[in-house]
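I have placed the structure first, in the form of structure tokens, so that the comments after it can refer back to it.
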Amino acid sequence: MGAIVSCMSGRNGRSPSASPPPAAKRRSSVSSRRSGGGGAKAAEIDEQALAAAAALVLGQRGAGGAFDRSASVRYAAKRQQQGPPLPRSSSTRPRSLADPELQPQQLLAKDLNTKDLETNIIVLVHGGGFGAWCWYKTMSLLEDSGFKVNAIDLTGSGIHCSDTNKISSLSEYAEPLTSYLKGLGDAEKVILVAHDFGGACISHAMEMFPSKIAKAVFLCATMLTNGHSALDMFQQMDTNGMLQKAQEFVYSNGKDRPPTAINIDKASIRDLLFNQSPAKDVTLASVSIRPVPFAPIMEKLTLTEENYGSVRRFFIETTEDNAIPLSHQQSMCATNPPEKVLRLKGSDHAPFFSRPQALHKALVEIATLPPAKAS
């Protein structure tokens with residue numbers, strides 16, 4: 001929905017803070033007439049709903065600050081006057097059997113001061129088809145621990161409005177990331193964290209801006225070598241045909257031309273990507289995942305030892321991964337050894353959903369490693 005709101009509001013030119021359309025006002029007045037004595041309350045509810053919707057749009061467009069999520073606190077007193085509170089969920093199922101919700105201070109030293117680190121800025125780069133939305137748990141945990149966190153929407157992903165089928169190169173796909181890095185100050189450095197195909201994107205960025213990247217973390221991601229493409233890697237993988245069955249190629253230029261994008265079959269995403277993830281996160285993904293541009297997947301990377309090779313690399317394995325099996329993750333690490341390999345036991349291909357606390361702990365461990373000594 002976020003992508004639709006952002007695109008449509010940009011096209012019609014109406015400011016998110018503009019008055020609601022006449023139809024919305026008519027509905028409000030009709031409800032007031034029908035409800036008799038309760039008309040004032042109905043009108044107030046309508047106004048609150050419209051204000052919340054406007055605030056959400058403002059937050060997504062960056063025009064009015066963060067969305068105010070504290071409305072439930074402000075109106076709690078009114079609900080108490082109106083009657084008993086609404087019943088809470090009667091479900092007794094734990095939120096996550098594999099990774100129960102814990103406060104960050106239960107995992108980390110309470111005296112962690114991120115200002116003393118080489119950098120406290122972490123940039124999260126999503127995988128193919130995903131968007132910045134997939135990092136919501138990771139962002140919250142890292143921010144609670146004192147880090148400055150940015151989640152990037154790559155071109156044609158998340159709420160970025162570009163047409164996926166028209167992306168013709170890896171540099172175009174990764175442009176939001178490289179533009180962000182280009183805008184950093186001369187003395188600023190970041191930690192890049194990439195998932196899945198995002199590994200190719202941060203490799204491209206490492207080659208372009210090695211001095212601005214303190215560490216690069218490949219989270220069950222494509223960690224390629226010079227002259228290879230993500231397509232080369234995927235063709236070598238043995239996923240028991242699961243990946244092939246889930247792929248639906250899009251040919252927007254005609255069947256006689258190469259594919260322009262890849263869709264992931266919604267009926268297959270649970271088994272392929274989210275076999276250990278909570279149902280609510282699978283639902284979020286099923287309505288948020290977008291097609292993956294095909295041209296960047298085919299592009300072979302140019303990586304040099306002077307640039308890409310000068311950045312410290314780390315790899316985080318996921319043991320229950322059906323999309324990039326553990327054996328292939330280990331093969332990538334053997335071919336292109338990182339400085340350190342960490343492992344998330346019980347994680348599927350989406351550790352930010354299935355093992356958020358364990359992922360958080362691994363990222364903090366990497367972030368707190370001291371700077372490498374100059375040779």
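Closest heavy-atom contact between Lys345 and Arg355: O-NE, 2.9 Å. Across all non-hydrogen atoms, the minimal contact from Leu170 to Ala200 is CD2-O, 3.9 Å. Pairing each heavy atom of Cys201 with each of Leu177, the nearest pair is O-CD2, 4.0 Å. The minimum heavy-atom distance between Cys220 and Ile324, with the atom names listed, is O-CD1, 3.5 Å. A pairwise comparison of heavy atoms in Arg290 and Gly158 identifies NH1-O, 3.0 Å as the closest pair. Nearest heavy-atom pair across Val341 and Cys333 is CG2-SG, 4.0 Å.
In this model, a donor atom of one side chain and an acceptor atom of the other lie less than 3.5 Å apart for Ser277 and Asp348. Defined by atom type and a distance below 3.5 Å, a donor-acceptor pair is present between the side-chain atoms of Asp232 and Ser229. No donor-acceptor contact under 3.5 angstrom links the side chains of Thr302 and Glu207, judged on distance only. Side-chain contact annotation: Ser347 with Gln276, donor-acceptor N/O pair under 3.5 Å absent.
Distance alone, capped at 3.5 Å, is enough to place a donor-acceptor pair between the Glu172 side chain and the Ser168 backbone. Not a single donor-acceptor pair under 3.5 Å links the side chain of Lys137 to the backbone N or O of Pro356. Ser331 places no side-chain N or O within 3.5 Å of a backbone atom of Ser327 that could act as its donor or acceptor partner. Between the Asp196 side chain and the Gly128 main chain, a donor and an acceptor come within less than 3.5 Å of each other. Distance alone, capped at 3.5 Å, places no donor-acceptor pair between the His204 side chain and the Ser171 backbone. Using modelled atom types, no side-chain atom of Asp265 and backbone atom of Ala246 make a donor-acceptor pair closer than 3.5 Å.
Between Met332 and Phe315, the closest side-chain pair of non-hydrogen atoms falls below 4.5 Å. Counting heavy atoms from C-beta outward, Ser268 and Lys245 have side chains that stay 4.5 Å or more apart. A heavy-atom distance below 4.5 Å is found between the side chains of His360 and Leu142. Ile297 has its side chain within reach of Ile262: a pair of non-hydrogen atoms, C-beta onward, lies under 4.5 Å apart. Residues Arg343 and Gln330 are in side-chain contact: their nearest non-hydrogen atoms beyond the backbone lie under 4.5 Å apart. Val250 places none of its side-chain heavy atoms less than 4.5 Å from the side chain of Phe294. Looking at Val149 and Trp135, their side chains never come closer than 4.5 Å, going by heavy atoms from C-beta outward. Put simply, the side chain of Arg313 reaches to within 4.5 Å of the side chain of Met206, judged on heavy atoms.
Ion pairing between Glu118 and Lys215 holds under the 4.0 Å rule for side-chain N and carboxylate O. Under a 4.0 Å N-O distance rule, the pair Lys340/Glu365 qualifies as a salt bridge.
We find the OH-CG distance between Tyr308 and Asn226 to be 10.0 Å, quoted to the nearest 0.5 Å. For the atom pair OG1 (Thr119) and NZ (Lys148), the distance works out to 8.5 Å, reported to the nearest 0.5 Å.
Between Phe353 and Tyr136, the two ring planes are tilted [angle within 30° to 60°]. Relative ring orientation between His349 and His195 is described as tilted, the plane-to-plane angle lying within the 30° to 60° band.
Screening Thr164, Asn165, Asp163 against Thr260 for a side chain to side chain donor-acceptor pair (under 3.5 Å) leaves a single residue, Asn165.
Taken together through direct or relayed side-chain contacts under 4.5 Å among Ile, Leu, Val, Met, Phe, Trp and Tyr, Leu326 and Phe234 form parts of separate hydrophobic clusters.
Surrounding NZ of Lys266 are more than 12 heavy atoms belonging to other residues, nucleotides or ligands, all under 6.0 Å away.
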